[in-house]
Every structure is written in C-alpha cells, then in structure tokens.
There are 2 protein chains.
Amino acid sequence: MVSIKDIAQKAGVSISTVSRTLNNYTDVNPKTKEKIFRIAKELNYYPNAVARSLVQKKTNTIGVFFGNKINSGFDHPFFQDVISAVREVVGNAGYDMLIFTNQKRERGTYTTLSRERSVDGIVLLLTGEGKKRDEHMLELQESGIPCTAIDIPLSGVKCGYVESDNFNGTRAAVEHLISLGHTGIAFIGGDEISKTSYDRLRGYQQALMDHKIGFDPSLITLGYFEKSRAAEETRKLMERGKQITAFIAASDEMAIAAMQTLNEMGYRVPEDVSVIGFDDIREAVYAQPALTTVRQEKYKLGTVAAEVLLNLIDGKDPICQHVVLPCELIVRKSTAICKKS
Amino acid sequence: MVSIKDIAQKAGVSISTVSRTLNNYTDVNPKTKEKIFRIAKELNYYPNAVARSLVQKKTNTIGVFFGNKINSGFDHPFFQDVISAVREVVGNAGYDMLIFTNQKRERGTYTTLSRERSVDGIVLLLTGEGKKRDEHMLELQESGIPCTAIDIPLSGVKCGYVESDNFNGTRAAVEHLISLGHTGIAFIGGDEISKTSYDRLRGYQQALMDHKIGFDPSLITLGYFEKSRAAEETRKLMERGKQITAFIAASDEMAIAAMQTLNEMGYRVPEDVSVIGFDDIREAVYAQPALTTVRQEKYKLGTVAAEVLLNLIDGKDPICQHVVLPCELIVRKSTAICKKS
DNA sequence: TTGTAGGCGTTATCAT
DNA sequence: ATGATAACGCCTACAA
C-alpha cells in the first residue's frame with residue numbers, strides 16, 4: 001500500500017505538503033503541487049479512508065438497520081422502494097451505505113454498533129417486533145446519533161421519522177366501502193405495538209363513527225402482517241356467521257391472503273365480499289382480482305427520511321422532525337357494490 | 001468518546017493490559033481482568049472499529065457494487081433475492097455490508113474504491129453495460145482483491161463467479177416448445193456483450209440444430225433486457241409476416257412485455273403464440289397468462305457467491321472459482337400446443 | 001510556502 | 001502477568 005509518506009519521500013517534500021496538496025489546499029506552490037499530483041498518479045496512490053476517518057471522526061457512511069428476520073429488509077416488498085430512495089439521496093450527498101449484517105455480535109445495540117462503526121447517521125427500517133420502543137430505542141434517542149426511521153415515532157434532538165397518513169388512509173378506505181353500500185366491514189389489523197397499526201385502526205373506527213355505523217369489536221382482529229395469520233383470521237371471522245361483506249387489511253400481503261382464503265371458502269371477490277389492502281406493493285396489481293388498496297408513497301418516504309437525516313447530520317435542523325405523507329386510495333377490482341344492502 | 005486509555009487510567013493499568021483483556025487474551029490476571037471489564041461497562045465503553053481496522057488491515061466489511069442506473073441493485077427483481085442471500089451468508093460469517101453509493105467521486109473504479117474503503121472483499125452485482133469486461137474489470141482482476149460476481153466471467157487468483165446454466169436453460173425452453181409442435185420460434189436476446197446473453201442464444205441455436213430445424217437469423221433479435229425494446233422487437237418480428245408461433249425471451253421482464261405487445265396486436269397467448277421467459281421473477285406468476293419460464297436459483301446464486309468470496313478472503317481457495325448452477329423449466333400457462341403444425 | 005510534531009484509538013512486539 | 005513503545009495512514013495546529 002502506497003501512502004502519502006511514499007509520495008513525500010519521492011517528491012522530496014514533507015508529508016504535510018502532500019496532504020495539503022491532495023486535499024486541494026490553496027497555499028501550495030503550483031510547481032510542487034503539480035509534481036506531487038504527478039507522483040501520486042505514478043505510484044497509483046489512493047487515500048485510505050479508514051485512516052482519514054480515524055482523525056476526522058467522519059466516515060461518510062450512513063448505517064442501515066434492517067430487521068434480522070426473514071421478509072424484512074431486502075426481502076420486504078415495502079422496503080425495497082424505500083431503501084432504493086435512501087440510496088439515491090445519500091449517494092448524491094457523498095455517502096456510502098453500511099448495512100449492519102454482522103451476526104457475530106452479542107452485545108450489539110443500534111447505538112453501540114453505530115458508534116463502533118462510527119457511522120455519521122443511521123436509518124431504521126424495521127418491521128414487527130423491531131419497531132417496539134424498547135430500551136434499545138430509548139438508548140438510541142438519547143445517544144445523539146443522527147437517525148431517522150420509517151414508521152417508528154422517534155423523539156430526540158437528532159432524531160426524525162417519516163410515515164404515511166395511516167389514519168386518513170384507512171379512513172378513506174372505509175369511506176369507499178361505505179359509499180358502495182357496505183356496513184359489515186371487518187378489519188384485519190397489524191399488531192398491538194406499532195403506531196402504524198394503531199393509526200390504521202383508528203382511521204377505520206373514525207370512518208365508521210362518522211357515518212353513524214358504529215363498530216363491532218368482534219369484527220376487528222390482528223394479523224401481525226403475516227399472510228398465514230391473516231388467512232386464519234379471515235376464516236374465523238367468516239365462520240362466525242357475522243354479516244361481513246367487506247374486509248380491510250392493514251397490509252396488501254394480508255389482503256391478498258384474505259382474498260385467497262375467501263376464494264377457498266367459496267366466496268367470490270368482489271361479488272360476495274370486497275377486500276381492500278394497504279401499501280400498494282407490486283403484487284397488488286397482479287392479484288386476482290387486482291387489489292383495491294391505499295397507496296403509500298414508498299419512494300417518497302425513503303427520500304424524505306434520507307433528506308431529514310442529512311439535515312440532522314449537518315446540524316441544520318436540531319429540532320425533532322416528523323413528516324407525514326399523504327396516502328392515496330387506488331381503486332381496482334377487489335371492491336364492488338354491496339349486494340346485501 | 002471513551003477509549004481504552006480512559007479505562008487504563010481508571011483501572012491503574014497500562015493500555016496494553018486493557019487491550020489484552022478486552023480481546024480475551026489468556027495471559028491476564030483474573031482479578032485485573034474482572035476489574036477492567038467492570039470499568040469498561042461502567043464507562044459504557046465500546047471499541048472503535050475504525051482504529052482497529054487501521055492497524056489490523058481488516059475491516060470485516062464486504063463491499064457491494066450495484067449498477068448506478070435505475071432498475072439495478074435494490075430495484076432489480078432478479079438481484080433482490082441474490083443480495084438477500086449474500087447478506088445472510090456474510091452476516092453469519094461476521095461481516096457487515098458496504099454498499100458503494102457515493103456519487104461524489106470522479107476517479108473511482110471498483111479497485112480504487114475498494115482499496116480506499118479497505119473492504120475485505122467485494123461482490124459485483126451489475127447489469128447491462130456494467131458487465132462489460134472493460135479496463136475497470138481488468139484492473140480489478142489483477143488487483144488481488146477478493147471478489148465474486150454474478151454472471152460476469154472474472155478470472156484471477158482472487159476472483160470467482162457464479163452463474164446459471166444459461167445454455168441448457170434456453171435449450172430446455174426450446175425443447176419444450178418443439179415438443180409442443182412449434183418450429184417458428186423467435187428469440188429476443190439480451191445484449192451483445194454479456195456472457196449470459198451469449199450462452200442463452202447458443203442454447204437456443206443448439207436445440208434447434210439438435211432437432212434439425214435450423215435457425216433463421218431473422219428470428220433472432222436483441223432486447224437489451226428492457227421492456228420497451230422487447231416490445232418493439234416483438235412488434236417488428238410479428239409484422240414482418242414470418243411464421244412465428246412462439247417467443248423465447250432472455251428475461252421475464254422482456255417476455256411479459258412481449259406478451260403485452262402480442263395482446264395489443266390481437267394475438268392470444270398461448271392460443272396463437274406461446275411465450276417463454278427467463279429468470280422466474282415474482283411477476284412471472286402473476287402475469288396474464290402465468291409465464292412459463294426458466295427458473296434461476298437466485299437465492300442459491302447469492303449464497304454460493306458469498307461462500308466463494310469468504311473462501312477467497314480466507315485464502316482457502318487460491319484457484320479461480322467458477323460455479324454453474326442448474327436451471328429449471330417452470331411450465332405455466334403461456335405455452336401451448338402449436339395449432340399451425 | 002513548507003516542515004515539525006502531536007494525535008486519532010487500537011493492536012502488536014518487545015522487554016521486564 | 002504487565003508495561004513501554006512503535007506502528008497504522010492521515011490530518012492539523014504551530015512553527016519556521
């Protein structure tokens with residue numbers, strides 16, 4: 001490995017002169033400057049980012065935490081667009097992305113791992129249990145490490161988070177069903193720990209109340225964003241003999257699972273039962289029938305999360321950042337007029 | 001930031017003793033050992049990976065290069081599974097993953113960027129032009145940096161590459177069509193620079209020759225793995241009035257584009273024209289009709305690429321590594337018996 | 001304009 | 001069993 005020391009030696013100058021030259025300082029004699037650049041090229045020199053980071057305390061690296069479970073991170077249909085957007089934004093700002101994948105660490109928390117690696121900021125892309133606001137999350141918030149998350153309410157001077165307007169999202173979904181004459185609307189929620197799940201449930205309840213329908217608690221269930229759970233809950237609900245003519249699920253994957261289950265049970269979608277999802281993942285278009293759903297602006301979520309993070313790093317916005325992006329109801333073929341009404 | 005120096009001071013020992021303790025050296029007094037661990041915890045100490053890397057010349061980091069264009073890397077339906085597998089394997093081996101996203105570097109080649117970051121090894125996940133064996137690729141091969149690629153024939157002591165058996169893949173696809181009575185089989189290839197494209201074309205030609213059908217060069221065209229190009233070529237081919245009863249495309253995305261175009265032109269798939277793709281991406285299942293295709297073991301490709309890389313890093317396999325994985329023909333609904341035969 | 005020297009946090013090689 | 005001390009490659013006052 002060739003270092004600035006080698007260049008200095010060959011050029012007959014000190015290493016500080018080389019360093020200044022390579023970093024485009026102005027106070028360097030044009031002649032020596034040129035000489036140094038020439039030798040650097042001859043020797044095929046490239047700077048050592050590790051050494052530089054050690055002294056500058058800046059790695060030009062954004063850390064990314066995915067959940068460790070399957071169907072999270074790269075596998076997750078929702079995060080694919082998000083991470084792609086993050087990549088674009090931080091890349092243009094001069095950062096590389098470090099994905100924390102090392103499994104050989106026992107004591108690792110978001111904070112310790114980030115500090116060990118000296119990343120300049122981090123993005124949290126977590127699902128399910130990972131979203132719980134546990135001690136690790138609290139530690140992170142107090143750490144002072146610039147961080148942004150999708151869908152996780154982080155508070156702290158160097159924290160930000162971005163989410164969709166989940167409340168009005170499901171609300172619009174319910175309104176759509178009501179306008180089609182539905183009143184027996186079941187809800188397959190997410191979990192009991194995430195704000196996302198909570199807000200979607202609230203939107204559902206609000207819409208029903210707005211229209212004086214009132215909600216039957218027995219029509220509300222949890223699918224934990226898993227296909228199998230959603231399928232199971234769908235079956236249970238239908239077998240209970242309630243007057244259900246429509247389903248709203250807190251994710252497209254669960255909605256698709258619900259449609260499949262309904263099909264297996266002999267119900268036709270949307271003739272017998274309407275179904276609405278949430279997210280608008282790619283599969284939604286290809287589903288049979290094409291899924292009516294609430295679209296999240298996934299790419300935008302990632303873009304904003306990255307931009308907020310960059311601001312946090314640059315110290316531009318010391319206040320807590322919370323951005324809510326609008327959703328859009330995408331009507332496809334899985335919803336129709338309620339016949340029983 | 002608390003360092004081993006601080007611990008040493010508080011414990012009344014030298015920094016070397018602290019270092020030894022923290023790295024679980026045996027030759028350290030149990031008492032002082034315990035004391036140091038206690039203080040380390042009190043002070044909330046965590047090691048600085050950057051400093052360690054500087055002296056050890058090992059970063060425990062695998063670099064990943066995606067193409068910079070859209071529809072590559074995270075966006076690419078093919079690479080999603082591949083990268084997910086890579087992540088799994090290198091993570092279990094104790095590595096984190098650095099995605100090279102920084103766009104603020106002009107002079108960056110695979111080699112210089114990798115050296116700057118001192119990554120221990122790299123994975124190349126490139127598409128289209130990125131796969132060209134240009135000077136950057138040659139530089140990398142001679143660099144001695146452990147690297148593996150998907151679909152790019154790398155040669156060099158520290159290089160490996162993994163690919164599917166593309167030749168026999170398209171060959172099986174053609175055989176399937178021939179068994180259905182087709183003889184007018186058009187081929188929408190990839191590009192003229194990648195080995196992948198070349199092998200798939202060869203497989204197509206071989207199968208035709210094996211069955212004494214002979215191939216009409218005018219039925220062979222290039223779609224460059226782009227939907228729009230594939231659609232255009234499909235239209236051109238059909239309008240030329242040749243006796244085409246089936247298409248084979250070098251990717252599912254192109255095959256789906258071909259199906260759409262055929263539909264627009266008034267042909268029914270598979271009744272009038274059969275279509276086969278390559279890859280078996282998720283969309284293939286949802287396509288209308290569901291696409292018959294040649295499946296690549298995407299997850300396996302990533303697993304093997306990562307494993308080969310780890311061996312290369314550990315110096316276990318100094319010889320050039322080239323792994324070819326079998327493909328499997330997945331027959332769905334886009335192929336049917338040829339009526340005109 | 002250039003050189004000297006100290007330090008970033010860690011590991012590693014010697015002694016002791 | 002423990003402590004000096006010298007790297008690792010780079011940056012940055014400060015001095016000249």
Side-chain angles (χ1 to χ4, degrees), chain A residues 1-37 39-40 43-61 105 107 112-120, chain B residues 1-40 43-61 94 96 105 112-120:
Chain A
M1 161 167 267
V2 30
S3 70
I4 54 172
K5 203 172 170 181
D6 303 308
I7 299 178
Q9 212 156 13
K10 195 156 186 175
V13 297
S14 73
I15 58 168
S16 39
T17 303
V18 176
S19 177
R20 275 193 288 265
T21 304
L22 265 22
N23 289 300
N24 287 314
Y25 276 58
T26 50
D27 58 349
V28 170
N29 188 311
K31 280 183 183 172
T32 53
K33 195 172 191 170
E34 190 213 13
K35 187 178 183 182
I36 289 171
F37 271 123
I39 295 179
L43 263 38
N44 192 26
Y45 169 83
Y46 45 84
N48 183 324
V50 174
R52 177 184 287 156
S53 296
L54 182 59
V55 43
Q56 289 192 151
K57 277 147 180 16
K58 165 107 183 166
T59 52
N60 297 306
T61 305
R105 302 279 287 93
R107 202 184 64 95
T112 58
L113 290 173
S114 299
R115 287 221 202 283
E116 277 197 31
R117 283 293 199 167
S118 307
V119 294
D120 300 323
Chain B
M1 159 166 269
V2 28
S3 70
I4 53 172
K5 204 171 168 181
D6 302 308
I7 299 179
Q9 214 155 14
K10 195 154 187 177
V13 296
S14 72
I15 58 167
S16 19
T17 303
V18 177
S19 179
R20 273 194 288 263
T21 304
L22 265 24
N23 288 298
N24 286 314
Y25 275 58
T26 51
D27 58 348
V28 84
N29 190 311
K31 280 183 183 173
T32 53
K33 197 172 189 172
E34 191 213 14
K35 186 178 185 181
I36 289 172
F37 271 123
R38 183 172 49 72
I39 295 181
L43 264 40
N44 193 23
Y45 168 84
Y46 44 85
N48 183 322
V50 175
R52 175 184 288 155
S53 297
L54 182 59
V55 44
Q56 289 193 153
K57 279 152 177 15
K58 165 105 184 169
T59 52
N60 297 307
T61 306
D96 287 321
R105 303 280 285 94
T112 60
L113 290 173
S114 299
R115 286 222 202 283
E116 278 197 30
R117 284 293 198 166
S118 306
V119 293
D120 300 324

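Residue numbers start from 1 in every chain, and the chains themselves are labelled A, B, ... in the order their sequence lines are given, proteins ahead of strands. Source: prediction; values computed, not measured. In what follows, every heavy atom counts, from backbone to side chain, and hydrogens, waters and symmetry copies are set aside.
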Colleague: Nearest to the Gln56(A) side chain among dT11(C), dG9(D), dT12(D), which nucleotide is it?
Modeller: dT12(D)
Colleague: Output the single nucleotide from dT10(C), dT13(C), dC10(D) whose closest atom is nearest the side chain of Ile4(B).
Modeller: dT10(C)
Colleague: When you measure from the side chain of Asp96(B) to the backbone of Thr61(B), do you find a donor-acceptor pair of N or O atoms at a distance under 3.5 Å?
Modeller: no
Colleague: For Ile15(B) and for Asn29(B), find the nucleotide of DNA chain D with the closest heavy atom, then tell me which residue's nucleotide is more 5'.
Modeller: Asn29(B)
Colleague: Expressed as a whole number of angstroms, how long is the span from Lys35(A):NZ to dT1(C):P?
Modeller: 17 Å
Colleague: Side chains of Ser16(A) and Ser19(A): is there a donor and an acceptor less than 3.5 Å apart?
Modeller: no
Colleague: Spell out, as yes or no, whether a donor-acceptor pair under 3.5 Å connects the side chain of Asn23(A) to the backbone of Tyr25(A).
Modeller: no
Colleague: Describe the nucleic acid contact of Asp27(A) in one word from base, sugar-phosphate, nothing, applying a heavy-atom distance below 4.0 Å.
Modeller: base
Colleague: Check every strand shown and say whether Ser16(B) touches a base, only sugar-phosphate, or nothing at a heavy-atom separation below 4.0 Å.
Modeller: base
Colleague: dG7(C) P sits how many Å from Asp6(B) CG, rounded?
Modeller: 15 Å
Colleague: Between Lys31(A) and dT1(C), is there a contact of a side-chain N or O with OP1 or OP2 at under 4.0 Å?
Modeller: no
Colleague: Got a sec: does the NZ of Lys58(B) have more than 12 other heavy atoms crowding it under 6.0 Å?
Modeller: yes
Colleague: Below the 4.0 Å mark, does dT2(D) have OP1 or OP2 next to a side-chain nitrogen or oxygen of Thr17(B)?
Modeller: no
Colleague: Please compare Ser3(A) and Thr26(B) by the position of their nearest nucleotide in DNA chain D and report the one closer to 5'.
Modeller: Thr26(B)
Colleague: What is the distance from CD of Glu116(A) to P of dT11(C), rounded to the nearest Å?
Modeller: 11 Å
Colleague: Report which part of the nucleic acid Val13(B) touches: base, sugar-phosphate, or nothing (heavy-atom distance under 4.0 Å, all strands).
Modeller: sugar-phosphate
Colleague: Let me know the distance between CD1 of Ile36(B) and C1' of dG3(D), rounded to the nearest Å.
Modeller: 12 Å
Colleague: Does dT12(D) have OP1 or OP2 under 4.0 Å away from a side-chain N or O of Tyr25(A)?
Modeller: yes
Colleague: Round to the nearest Å and state the distance from Leu22(A) atom CG to dC10(D) atom P.
Modeller: 9 Å
Colleague: Does Tyr45(B) make a side-chain N or O approach to OP1 or OP2 of dT10(C) shorter than 4.0 Å?
Modeller: yes
Colleague: Considering all heavy atoms of both residues, which atom of Val2(A) and which atom of Tyr45(A) are nearest to each other, and what is their separation?
Modeller: O-CD1, 3.3 Å
Colleague: Once you round it to whole Å, what is the distance between C1' of dT11(C) and CG of Leu54(B)?
Modeller: 10 Å
Colleague: Nearest-Å distance, NZ (Lys5(B)) to P (dG6(C))?
Modeller: 13 Å
Colleague: Identify whether any heavy atom of Lys57(B) sits under 4.0 Å from a base atom; if not, whether one sits that close to sugar-phosphate; answer base, sugar-phosphate or nothing.
Modeller: sugar-phosphate
Colleague: Side chain of Ser19(B), base of dA12(C): donor and acceptor closer than 3.5 Å?
Modeller: no
Colleague: How long is the line joining CG of Asn24(B) and P of dT11(C), in whole Å?
Modeller: 12 Å
Colleague: Counting only distance, no hydrogens or angles, is the base of dT1(C) paired donor-acceptor with the side chain of Thr32(A) under 3.5 Å?
Modeller: no
Colleague: Does Lys10(A) NZ have over 12 foreign heavy atoms under 6.0 Å away?
Modeller: no
Colleague: May I ask you to say what Asn48(A) touches in the nucleic acid, namely base, sugar-phosphate or nothing, with a heavy-atom cut-off under 4.0 Å?
Modeller: sugar-phosphate
